Trainee: 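Submitted below is the structure of interest, expressed as structure tokens.
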Amino acid sequence: MRWSQALIPTLKEDPKEAQSPSHRLLLRAGFVRQHQAGVYIFLPLGQRVLHRIMRIVREEMDRIGAQEVLMPSLTARELWEESGRWKAFGPDMFRLQDRKGREMALAPTHEELFADLARHYLRSYRDLPQIWYQIQTKFRDEPRPRSGILRVREFLMKDSYSFDASWEGLDHSYEMHHQAYTRIFTRAGLEFVVTRASSGLMGGSASEEFMVLSEAGEDTLAVCDACGYSANVEVATGEPALRQPESPFKKLEKVHTPGVRTVEEVTGFLGVGPELLIKSLVYMAGEKAVLVLVRGDYEVNEAKLQQVLGSEVRIATPEEVQDRFGVEVGFVGPVNLPVDEIIADEALQGLQGMVCGANETDYHLVGVNVEEHFPVHRYADLREVKEGDRCPQCGAPLRLHRAIEVGHIFKLGTRYSEALGAYFTDRDGKEKPIIMGSYGIGIGRVMAAAVELYHDKNGIVWPVTIAPYDVEILALDPRKVGTVAENLYRDLQASGVEVLWDDRDLSPGVKFKDADLIGIPLHVVLGRKVAQGVAEIKIRATGASVDVPLQDLKTRVLETLASLREKIDERVGKTAGGSPETPA
RNA sequence: CGGGGCGUAGCGCAGUCCGGUUAGCGCGCUUGGUUCGGGACCAAGAGGUCGGUGGUUCAAAUCCACUCGCCCCGACCA
């Protein structure tokens with residue numbers, strides 16, 4: 001492509017609304033343009049990157065024997081009713097009506113559609129296993145789109161679904177996806193970790209997320225540098241660094257604590273650390289009021305609580321607490337509180353000499369012993385892991401890190417097949433539900449994550465495998481080097497290299513700045529040395545440049561490109577086993 | 001949904017408190033000329049319902065009310 005004829009609207013200044021590096025750089029380098037909150041236009045450069053990512057995805061999905069299909073986005077309400085997700089998705093689902101008033105949804109995901117397909121065509125164990133996938137637009141009315149294309153309301157996702165006759169079969173399909181994903185993200189040049197995750201709205205048992213560590217991420221991971229353990233804080237477990245805190249309170253006493261409500265206020269007032277407090281929070285699980293207890297130096301993890309209680313929970317309002325127990329929030333405690341259930345974080349087990357609310361305004365109890373002074377109906381891991389907790393595998397301190405979720409794999413089991421009636425006849429003649437897995441990759445997120453990972457103060461530094469072009473030719477003075485540039489452009493294209501040729505009639509500074517900004521891996525600079533038969537090859541990532549005689553230029557460009565690609569291929573070989581040329 | 005901020009030319013902004021000429025500046029754009037290794041220079045131009053609606057006023061970008069949109073920080077997910 002000749003730049004003079006291309007739509008590459010680079011910006012000289014940083015867009016003010018963009019905060020995260022990927023958002024800022026993708027806008028500024030002319031890859032995307034915002035249309036509405038959480039809805040983006042992919043401009044030519046952005047679209048080229050998406051295509052390259054999708055190409056890798058397709059190659060790797062095909063390698064594990066997956067078949068590509070294309071599902072509609074416009075989906076009938078009835079199907080969602082069958083799984084119960086018409087309701088479960090709530091306001092996150094875009095809904096509309098046709099001219100006859102029939103209700104539909106723009107699909108936020110496609111478990112139902114694929115299960116529907118399966119129930120029609122997969123009737124026998126002989127038809128199994130199958131893996132089907134698509135790359136398609138998903139619609140989710142996110143409460144808060146953010147960080148450019150990282151969290152949007154309309155996005156491209158590769159989603160695949162496996163259908164097996166047995167749980168071992170599911171394990172295998174899942175494992176194949178695990179490998180395919182590892183290869184995909186490695187080939188895209190990403191550094192990532194695979195973590196245990198919560199399955200959320202999808203349901204099902206095991207689930208792992210492919211995470212790119214980045215400050216722009218929205219998830220928080222607990223990672224162990226010693227043994228490599230990593231888990232989303234939604235599910236991460238960690239041992240408190242401090243097990244049984246030392247307490248000055250040897251016997252149960254009521255103390256006057258006027259106006260002292262929060263953990264900080266109580267610890268300040270009593271002159272003790274937060275680990276001596278029992279934080280008592282009233283949650284509503286439907287109509288049931290549950291008192292949730294965690295140590296004062298921890299927060300309740302609502303995802304875990306939800307999991308443990310098996311239903312949607314929300315924290316009770318101060319009014320509800322007042323109405324139900326006649327106690328002001330801030331002075332609630334487990335001793336003699338007429339609550340339906342008391343559920344305590346396991347780190348509270350056996351603790352003595354603790355402090356909690358006295359269920360009376362302006363009073364707290366000190367010297368409280370767990371289970372001696374109040375009952376605990378259930379212990380569970382309810383606390384949110386914090387920095388410095390002990391790794392559950394090796395005991396080393398955990399570190400918290402923000403991360404971008406680029407992929408997620410689930411063992412769904414039979415939830416959707418049973419709901420939609422996707423049964424097959426097994427070898428033994430019995431009807432059984434098909435066992436499903438579901439697997440997703442956010443295509444746009446891979447793009448954003450790559451920018452988050454690889455950029456410098458001058459712009460983006462694309463990994464060769466997903467860069468919009470392989471090589472950019474900078475023809476500094478087009479009148480003097482135009483012919484040389486044109487010849488090189490044609491030669492490289494003839495060799496299968498994707499080339500962007502900056503043939504614009506602009507001063508050299510503009511071309512250098514723009515080239516660094518859009519981040520194509522290799523630059524060929526044709527400047528005044530061309531008169532002496534010399535050009536310059538520059539690697540965007542390192543800034544390293546070499547002078548090359550014009551007659552060797554094409555060969556040297558091809559060699560340099562090959563060596564950049566080789567570095568990524570080596571990593572693929574190491575992390576995923578087998579070279580990329582070896583079919584599965 | 002809760003909290004904070006912002007809407008003025010394609011982009012970045014000033015002007016808004018304290019109402020008063022033709023609404024400014026930089027970049028970009030157009031034309032002509034010069035220049036060509038890190039966001040060049042000269043000259044001449046074009047481009048604006050001041051987010052919208054209603055109100056106050058002799059007079060509104062500016063004051064008031066409502067409304068729409070966008071961004072950022074917290075609860076959901078690829």
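Just so it is clear, the model here is predicted, and its values are computed rather than measured. Below, chain A is the first sequence line, B the second, and so on; all start at residue 1.
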Trainee: For A:G444 and for A:E302, locate the closest nucleotide of RNA chain B by heavy-atom distance; then report the residue assigned to the nucleotide nearer the 5' terminus.
Mentor: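 Its nearest nucleotide lies further toward 5', so the answer is A:E302.
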
Trainee: For the C1' atoms, the ones on B:G24 and on B:A61, what distance do you get once it is rounded to whole angstrom?
Mentor: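 Straight-line distance between the two C1' atoms is 12 Å.
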
Trainee: Want to settle it: does A:I149 or A:D14 sit nearer the 5' end of RNA chain B, counting the closest nucleotide to each?
Mentor: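 Result: A:D14.
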
Trainee: Applying side-chain contact (heavy atoms from CB on, under 4.5 Å), can you list everything that pairs with A:D381, at least two apart in sequence or on another chain?
Mentor: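 Partners of A:D381 by the side-chain contact (heavy atoms from CB on, under 4.5 Å) criterion, ordered by chain and then number, come out as A:T237, A:K304, A:D345, A:E346, A:R383.
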
Trainee: Looking at A:D477 and A:R528, is any side-chain nitrogen of the basic one under 4.0 Å from a carboxylate oxygen of the acidic one?
Mentor: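 Here A:R528 does not pair with A:D477 in a salt bridge, since their nearest N and O are not under 4.0 Å apart.
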
Trainee: For the base of B:C77, is there a side-chain donor-acceptor partner from A:D92 under 3.5 Å away?
Mentor: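 No pair found.
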
Trainee: Report the residue from A:Q136, A:K138, A:H408 that forms a side-chain hydrogen bond (donor to acceptor under 3.5 Å, both in side chains) with A:D159.
Mentor: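 In the set A:Q136, A:K138, A:H408, the residue that makes a side-chain hydrogen bond (donor to acceptor under 3.5 Å, both in side chains) with A:D159 is A:K138.
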
Trainee: Salt bridge (Lys or Arg N to Asp or Glu O under 4.0 Å), that's the test. Do A:E208 and A:R196 meet it? Break it down for me.
Mentor: CA-CA 5 Å; A:E208 285 167 291; A:R196 287 209 42 223; over 6 Å; no

Trainee: Look through every strand shown and name the nucleotide pairing with B:U56 as Watson-Crick or G-U wobble, where both distances are under 3.5 Å.
Mentor: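 Paired with B:U56, as far as the under-3.5 Å criterion goes, is no nucleotide at all.
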
Trainee: Using the C1' atom as the reference point in each nucleotide, state the distance between B:G45 and B:A9 in Å, no decimals.
Mentor: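 So the two C1' atoms sit 15 Å from each other.
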
Trainee: When you compare B:G37 with B:C77, how far apart are their C1' atoms, in angstrom units rounded to a whole number?
Mentor: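 Between the two C1' atoms, the distance is 48 Å.
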
Trainee: Rounded to whole angstroms, how far apart are CZ on A:F155 and C1' on B:C77?
Mentor: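 Taking CZ of A:F155 and C1' of B:C77, I get 7 Å after rounding.
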
Trainee: What does B:G32 pair with, Watson-Crick or G-U, if both distances are under 3.5 Å?
Mentor: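 Result: B:C42.
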
Trainee: Does the structure show a Watson-Crick or G-U wobble partner for B:A78, both distances under 3.5 Å? Name it, or say none.
Mentor: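 With both distances under 3.5 Å required, B:A78 matches none.
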
Trainee: When the ring planes of A:Y40 and A:H23 are compared, do they come out parallel, tilted or perpendicular, using 30° and 60° as the limits?
Mentor: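 Perpendicular: the ring planes of A:Y40 and A:H23 meet at over 60°.
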
Trainee: Tell me the interatomic distance from A:H177, atom NE2, to B:A78, atom C1', rounded to whole angstroms.
Mentor: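 Atom NE2 in A:H177 sits about 14 Å away from atom C1' in B:A78.
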
Trainee: To the nearest Å, how far apart are A:I315 CD1 and B:C76 P?
Mentor: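 To the nearest whole Å, that distance equals 13 Å.
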
Trainee: Name the orientation class of the two ring planes belonging to A:Y181 and A:Y439 (parallel below 30°, tilted from 30 to 60°, perpendicular beyond 60°).
Mentor: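 Geometry flag for A:Y439 against A:Y181: perpendicular rings.
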
Trainee: Taking a pair as Watson-Crick or G-U wobble with both distances under 3.5 Å, which nucleotide is matched to B:G69?
Mentor: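 For B:G69, the partner nucleotide comes out as B:C6, under the 3.5 Å rule.
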
Trainee: So which nucleotide does B:U22 pair with, by the Watson-Crick or G-U wobble rule with both distances under 3.5 Å?
Mentor: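 Its partner is none (no Watson-Crick or G-U wobble pair with both distances under 3.5 Å).
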
Trainee: Pick the P atom in B:G5 and in B:A44, then give their distance to the nearest Å.
Mentor: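 Straight-line distance between the two P atoms is 44 Å.
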
Trainee: Looking at every heavy atom in both A:V510 and A:L506, which two are closest together, and how far apart are they?
Mentor: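 Nearest heavy atoms, A:V510 then A:L506: CG1-CD1, 3.9 Å.
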
Trainee: With rounding to the closest Å, how many angstrom separate the C1' atoms on B:U30 and B:C76?
Mentor: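 B:U30 and B:C76 have their C1' atoms separated by 50 Å.
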
Trainee: Using a 4.0 Å cut-off on protein heavy atoms (strictly under), produce a 5'-to-3' string for nucleotides 33-40 of chain B with B for base contact, S for backbone-only sugar-phosphate contact, and - for none.
Mentor: --BBBBBS

Trainee: May I have the distance from A:R33 (atom CZ) to B:G10 (atom C1'), rounded to whole angstrom?
Mentor: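 Distance check: A:R33 CZ to B:G10 C1' gives 8 Å.
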
Trainee: Using the P atom on both, measure B:C29 against B:C71 and round to a whole Å.
Mentor: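 27 Å, rounded to whole Å.
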
Trainee: Can you check the distance between B:C68 and B:G51, where both ends of the measurement are the C1' atom (answer in whole Å)?
Mentor: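 My reading of the C1' atoms in B:C68 and B:G51 gives 7 Å.
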
Trainee: Given atom CG of A:L27 and atom C1' of B:C11, what is their separation to the nearest angstrom?
Mentor: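 Spelled out: CG on A:L27 to C1' on B:C11 is 12 Å.
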
Trainee: Do the side-chain N and O atoms of A:D503 and A:S4 include a donor-acceptor pair separated by under 3.5 angstrom?
Mentor: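 Note: A:D503 and A:S4 side chains meet the donor-acceptor criterion.
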
Trainee: Using a 4.0 Å cut-off on protein heavy atoms (strictly under), produce a 5'-to-3' string for nucleotides 68-73 of chain B with B for base contact, S for backbone-only sugar-phosphate contact, and - for none.
Mentor: --SSSB

Trainee: For B:A14, which nucleotide in any strand shown is its Watson-Crick or wobble partner with both distances under 3.5 Å?
Mentor: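 Partner of B:A14: none.
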
Trainee: I need the single residue from A:R146, A:R144, A:R402 that forms a salt bridge (charged side-chain N to carboxylate O under 4.0 Å, His left out) with A:E218. Which is it?
Mentor: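 Single salt bridge (charged side-chain N to carboxylate O under 4.0 Å, His left out) partner of A:E218 among A:R146, A:R144, A:R402: A:R146.
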
Trainee: Examine the side chains of A:Q67 and A:Q130 and answer whether a donor and an acceptor come within less than 3.5 Å of each other.
Mentor: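 Short answer, yes.
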
Trainee: I need the CD1-P distance between A:I8 and B:G28, as an integer number of Å.
Mentor: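 Whole-Å distance recorded here is 18 Å.
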
Trainee: How far does the P atom of B:U8 sit from the matching atom of B:U62, given to the nearest Å?
Mentor: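 My reading of the P atoms in B:U8 and B:U62 gives 14 Å.
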
Trainee: May I have the distance from A:D219 (atom CG) to B:A78 (atom P), rounded to whole angstrom?
Mentor: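 Taking atom P of B:A78 as the reference, CG of A:D219 is at 10 Å.
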
Trainee: Assess the residue pair A:R63 and A:E59 against the criterion (salt bridge (Lys or Arg N to Asp or Glu O under 4.0 Å)); give the C-alpha distance rounded to whole Å, side-chain angles, the decisive distance to 0.1 Å, and a yes or no.
Mentor: CA-CA 6 Å; A:R63 175 203 287 273; A:E59 285 172 8; over 6 Å; no

Trainee: Once you round it to whole Å, what is the distance between P of B:A78 and CD1 of A:I135?
Mentor: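 Answer to the nearest Å: 17 Å.
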
